[in-house]
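Just below is one structure, and these are the notes that go with it.
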Amino acid sequence: MKLEACTLKLYDFTKFSFSDYKENKVRLSDIDKFLDPMIKFLNKKTFKNSRVSSHGTKEVYCYDIKKYNDDYIVILWIGVSGNKNNVLSLPHNGNVGDKNSVARTRIGKERIPGIPAYFYIASKERMLVTLDFKGSSSETGVLLQYIRDFMHNYSAFSDHVLGANGKFSGGYKVKKNDENYCYFSLDCKRYVNASVEKDLILNFKNITKIITKEKITVSTSSSQSLVNLKPIIKLFTSQKDKTTLESVVKVEVDVAFDNEAQIKEYIDNIKGTYDVGNVNFLVQKEKGIETVNLQNSYAKEKVVLEAKLNGVNSIITWPYDANDIIMALNNQNYIDSFIKLSCKKTDEVKFDKASDAVSEIKVSAQS
């Protein structure tokens, strides 16, 4: 039975470690040292008690979590409000990982309405992959905050106790007998295909233009010019009023980068910002002008799972558990292949286009 397709998106962990406060040196960075205790903690919890923080606007619980070889599959449950008569829900007292307790019925006080969010953490590559199914969430910030909250509130590394001065200590200790405190850093960013970025840097001399869309506001003391342009404006303005008109325009600028360092600095400044998807580079190639956009070079893949699971057609969003994902990966670990292909160097793989290659991969799983 063919399930809903999902889109994989690749992220790079830029921070995932304990660092010494005084020396600012990394003390512990093995991902398994952080996540193995979290699995041990959550596998003993009910859905309601899997919420590791009472702060924040979102109620986040753990639906399932499993270790797969050296990697991790984490499925969170994000609480929702509003119409609770026709959405998925979990029972408060159901055990983490119990898919059979999911229901789509009228939700009472003892159930948690919500949607699943699927994550795959590759520990050796230090990569995060989101699995975006129809009706699910793929917001990485939810997972990052969940791990931070666990580390702060429930991990054995946390050392938040009252000291002799009556104040709470605020840090972590890798070992209980450590004199110095550490701080926990966890962050990630969308993975930009290295081949596209490297291609821009190597061909900096051939970048002829930068094209971007900008929203501008035109103002005039007299609305007459605007009335001539758009007569309907006259219905809402007077000749004496100052009138403004917002418009999105395409700005095209001729450029000439002097060296690789200059284009690299420009790329670094726009990565991770709104502008990364708003800027197009025009590059003169042998075959003609090529348009390159860094955001379109983000690694992503569309995959189609096939598995014999009952009830899929009767529910809008199917709440896969970790074993369902593992079933598919045991036949073919398409996530591992996706990571390796995305991270190949320019001289290892040839790209015909700078944009994403979005394809469908069928993965079979038997229940």
Assess whether atom [atom1] of [X] is packed by more than 12 heavy atoms of other residues, nucleotides or ligands within 6.0 Å.
{"X": "Lys67", "atom1": "NZ", "value": "yes"}
{"X": "Lys15", "atom1": "NZ", "value": "no"}
{"X": "Lys176", "atom1": "NZ", "value": "yes"}
{"X": "Lys48", "atom1": "NZ", "value": "no"}
{"X": "Glu265", "atom1": "CD", "value": "no"}

Locate the shortest heavy-atom distance separating [X] from [Y]; write the atom from each residue and the value.
{"X": "Ile75", "Y": "Pro116", "result": "CG2-CB, 4.2 Å"}
{"X": "Ile263", "Y": "Phe204", "result": "CG2-CB, 3.8 Å"}
{"X": "Ser50", "Y": "Tyr61", "result": "OG-CB, 3.4 Å"}
{"X": "Cys62", "Y": "Leu76", "result": "CA-CD2, 4.2 Å"}
{"X": "Phe257", "Y": "Ile210", "result": "CZ-CD1, 4.0 Å"}
{"X": "Phe119", "Y": "Thr140", "result": "CE2-CA, 4.2 Å"}

When rounded to the nearest 0.5 angstrom, what distance separates [atom1] in [X] from [atom2] in [Y]?
{"X": "Leu8", "Y": "Ile335", "atom1": "CG", "atom2": "CD1", "result": "5.5 Å"}
{"X": "Phe281", "Y": "Tyr266", "atom1": "CZ", "atom2": "OH", "result": "5.5 Å"}
{"X": "Tyr334", "Y": "Asp336", "atom1": "OH", "atom2": "CG", "result": "12.0 Å"}
{"X": "Ser123", "Y": "Lys33", "atom1": "OG", "atom2": "NZ", "result": "10.5 Å"}
{"X": "Asn180", "Y": "Ser19", "atom1": "CG", "atom2": "OG", "result": "12.5 Å"}
{"X": "Ile325", "Y": "Leu131", "atom1": "CD1", "atom2": "CG", "result": "5.5 Å"}

Does Val255 belong to the same Ile/Leu/Val/Met/Phe/Trp/Tyr cluster as Ile211, with side-chain heavy atoms less than 4.5 Å apart forming each link? no

In residues 22-32, what donor-acceptor pairs under 3.5 Å come from side-chain atoms, sequence neighbours left out?
residue	atom	partner	partner atom	Å
Asn24	OD1	Tyr183	OH	2.3
Arg27	NH2	Asp178	OD2	3.3

So [Y] and [X], do their side chains get closer than 4.5 Å, heavy atoms only?
{"X": "Met127", "Y": "Leu10", "answer": "yes"}
{"X": "Tyr191", "Y": "Lys9", "answer": "no"}
{"X": "Asn333", "Y": "Tyr68", "answer": "yes"}
{"X": "Leu202", "Y": "Glu260", "answer": "yes"}
{"X": "Val102", "Y": "Leu90", "answer": "yes"}
{"X": "Asp199", "Y": "Lys285", "answer": "yes"}
{"X": "Met327", "Y": "Asn323", "answer": "no"}
{"X": "Ile121", "Y": "Leu143", "answer": "yes"}

From the options Ile115, Thr130, Val80, select the one residue that forms a side-chain contact (heavy atoms from CB on, under 4.5 Å) with Ser137. Ile115

Among Val253, Val251, Ile270, exactly one meets side-chain contact (heavy atoms from CB on, under 4.5 Å) together with Thr212. Which residue is that? Val251

Restricting to salt bridge (Lys or Arg N to Asp or Glu O under 4.0 Å), what partner residues turn up for Lys205, sequence neighbours left out? none

With no hydrogens and no angle check, is any side-chain donor or acceptor of [X] less than 3.5 Å from a backbone partner on [Y]?
{"X": "Ser158", "Y": "His152", "result": "yes"}
{"X": "Trp77", "Y": "Phe47", "result": "no"}
{"X": "Arg51", "Y": "Glu59", "result": "no"}

Between Asp149 and Gln145: side-chain donor-acceptor atoms closer than 3.5 Å: yes

Looking only at side chains, do Asp36 and Tyr72 share a donor and an acceptor under 3.5 Å apart? yes

Could you walk me through whether Thr291 and Leu282 satisfy the side-chain contact (heavy atoms from CB on, under 4.5 Å) test, starting with their C-alpha distance in whole Å, then the side-chain angles of each, then the deciding distance to 0.1 Å, before giving a yes or no? CA-CA 5 Å; Thr291 302; Leu282 265 58; 4.0 Å; yes

Gln262/Asn259 under side-chain contact (heavy atoms from CB on, under 4.5 Å): CA gap, chis, key distance, verdict: CA-CA 5 Å; Gln262 196 175 68; Asn259 48 54; 3.3 Å; yes

For Tyr181, is the NZ or CZ atom of Lys173 found under 6.0 angstrom from the centre of its six-membered ring and inside 45 degrees of the ring axis? yes

So, Tyr320 versus Phe133, ring centres under 6.0 angstrom or not? yes

Phe18 ring center near Phe184 ring center (under 6.0 Å): yes

Test side-chain contact (heavy atoms from CB on, under 4.5 Å) on Leu128 and Tyr120; report intermediate values, then the result. CA-CA 6 Å; Leu128 170 65; Tyr120 184 100; over 6 Å; no

Measure the acute angle between the ring planes of Phe16 and Phe34, then classify it against the limits of 30° and 60° as parallel, tilted or perpendicular. parallel

Which of parallel (below 30°), tilted (30 to 60°) and perpendicular (above 60°) describes Phe150 and Phe41? tilted

Apply side-chain contact (heavy atoms from CB on, under 4.5 Å) to the pair Glu139 and Ile78, showing each step before the final yes or no. CA-CA 10 Å; Glu139 185 182 344; Ile78 303 174; 5.7 Å; no

